[in-house]
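Notes follow once the structure below has been shown.
All values derive from a computational prediction rather than experimental measurement.
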Amino acid sequence: MAFKKIAVLFLLAGLGVSLEAAAVSFLVVETGLPPEAGVNTYSSLWENSLLDVFFDAGHIVSNVPTLRLKNKPGGELPDEARDDIAEAAEGGMDFFIVAILEYRSDSETETADIKPRQVSLRIFTTSPYRMLFEQLCTEKTNSSMDDEFVWVKQEVRKLLPRLSDT
């Protein structure tokens, strides 16, 4: 009898956790980097931090390939990402988070290790489509890549409570 009670408690606890989990898809948008430039370390850092933080919080996560644009998009969502959010909605994703990394355009500088001067984190619902929240993160001077990683994760964690604002 005690075993059945414990099993029911575990089942209910598991249902409670799964009801709170959201399916979240991510897109990193780079602006200001030359189209032929290789992978940027900081773009990878932001993408990995988004995936790590939301996965560790119990959410179902996915991502689409990084999008590189010449200029910062004018609207809420870049036109080039419209198909990505539609596919996320069709795939059952609840939220679509876009990280727009604005780099300084400087062809003289090696682009692999330059930091974005500003990052815009935008949360969208997929159905119905609407922007819920935007957070701006300005360039920080961190002494090491480890410090940068800690700071980026802190910024990303600020998004977690916003998912429950729907």
Between Leu160 and His59, is any pair of side-chain heavy atoms under 4.5 Å apart? yes

How many angstroms lie between CD in Glu30 and CD in Glu102, if you round to the nearest 0.5 Å? 12.5 Å

Do the side-chain N and O atoms of Ser120 and Arg122 include a donor-acceptor pair separated by under 3.5 angstrom? yes

Does the side chain of Leu45 reach to within under 4.5 Å of the side chain of Tyr42, using non-hydrogen atoms? yes

Any side-chain to backbone donor/acceptor pair from Thr126 onto Met93? Under 3.5 Å, distance only. yes

Without placing hydrogens or testing angles, list every side-chain donor-acceptor pair under 3.5 Å for residues 147-156, not counting sequence neighbours.
residue, atom, partner, partner atom, Å
Asp147, OD2, Ser143, OG, 2.5
Glu148, OE1, Lys115, NZ, 3.1
Glu148, OE1, Asn142, ND2, 2.7
Glu155, OE1, Gln135, NE2, 3.2
Glu155, OE2, Lys158, NZ, 3.0

Hphob cluster co-occupancy, Leu51 + Leu101, side-chain heavy atoms under 4.5 angstrom: yes

Residues that Asp94 engages under side-chain hydrogen bond (donor to acceptor under 3.5 Å, both in side chains), provided they are two or more places apart: none

How far apart are the closest heavy atoms of Pro116 and Tyr103, and which atoms are they? N-CE2, 3.4 Å

So Leu33 and Ile114, do their side chains get closer than 4.5 Å, heavy atoms only? yes

Other hydrophobic cluster members with Val64, side-chain heavy atoms of Ile/Leu/Val/Met/Phe/Trp/Tyr under 4.5 Å, chained? Leu27, Val29, Leu67, Leu69, Leu77, Ile85, Phe96, Val98, Ile100, Phe124, Tyr129, Met131

Rounded at 0.5 Å granularity, tell me how far CG in Leu159 sits from CD1 in Ile97. 5.5 Å

Just by distance, no angles: are the side chains of Ser43 and Thr66 close enough, under 3.5 Å, to form a donor-acceptor pair? no

Is the shortest side-chain heavy-atom distance between Leu163 and Val24 below 4.5 Å? yes

Could you pull out the closest heavy-atom pair between Ala21 and Gly58, with the gap in Å? CB-O, 3.2 Å

Can a donor-acceptor pair be found between the side chains of Thr31 and Asn71 at a distance below 3.5 Å? no

Is any side-chain heavy atom of Thr125 less than 4.5 Å from a side-chain heavy atom of Leu132? yes

Between Phe54 and Phe26, does the ring centre distance come in under 6.0 Å? yes

Quick check for you: to the nearest 0.5 Å, what is the distance between Arg157 atom CZ and Ser49 atom OG? 8.5 Å

Is the closest side-chain heavy-atom distance between Leu121 and Cys137 below 4.5 Å? yes

Modelled atom types, side-chain donor and acceptor of Glu47 and Asn63, under 3.5 Å: yes

Closest heavy-atom pair, Arg68 versus Pro34, reported as atoms and distance to 0.1 Å, is NH1-O, 3.1 Å

Closest approach of Ala23 to Gly92 (non-hydrogen atoms, all atoms of both residues): CB-O, 3.7 Å

